[in-house]
Each structure stands twice: as structure tokens, then as C-alpha cells.
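Have a look at the structure below, then the notes.
Along the sequence shown, residues are numbered consecutively beginning with 1.
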Amino acid sequence: MIFLEKVFNWMLIIGLLLLLGRIITAVFLFLDMPFTTFFKDYSAISIIILIIGAIGQHFMKSNKI
């Protein structure tokens with residue numbers, strides 16, 4: 001269980017970092033400034049990682065109670 005908790009925590013952190021990257025990419029695209037398209041190309045994957053991490057972390061916290 002501790003391993004799963006760590007995996008979900010890391011997935012949440014990685015998902016939040018990818019979300020921040022997508023927001024920065026959107027700002028640069030809005031300002032018509034050249035920027036990497038990495039975060040734009042993998043936006044669906046980053047959302048999935050973020051959702052799985054958040055749901056997994058929620059279930060791990062509810063199991064401790």
C-alpha cells in the first residue's frame with residue numbers, strides 16, 4: 001500500500017507539472033511567441049496522469065481513516 005501511495009503522489013506531481021507546462025504553452029501561443037509544442041502534443045496524456053493521481057491519492061487517504 002505504501003508503494004501505491006507513493007506512485008499516486010508522484011503521478012499527481014507529474015500531472016501538475018505537465019498542467020503548468022500546458023498553461024505556459026497556452027500563454028505563449030496566445031502572445032504569438034515561439035515556444036515548444038511538447039505540452040500541446042501530449043495534453044491528453046497529462047490530463048489522464050493528473051486524474052489518475054488525484055483519484056488514487058483520494059482513495060489512499062480514505063483507506064487510512
Listing, residues 48-58 side-chain donor-acceptor contacts under 3.5 Å, not counting sequence neighbours, or none:
from	atom 1	to	atom 2	distance (Å)
Q57	NE2	N9	OD1	2.7

Could you pull out every donor-acceptor pair under 3.5 Å between side chains of residues 26-35 and any protein atom, sequence neighbours left out?
none

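Here the OG-CG distance, from S46 to L16, works out to 10.5 Å after rounding to the nearest 0.5 Å. Between atom CD1 of residue I13 and atom CG of residue L18 there is a gap of 12.0 Å, rounded to the nearest 0.5 Å. In this structure, the separation between CG on L17 and CZ on R22 is 12.0 Å, given to the nearest 0.5 Å.
Minimum heavy-atom separation, M60 to E5: CG-CA, 4.1 Å.
Cluster annotation: F59 and I2 are assigned to distinct hydrophobic clusters (Ile/Leu/Val/Met/Phe/Trp/Tyr, side-chain heavy-atom contacts under 4.5 Å, transitive).
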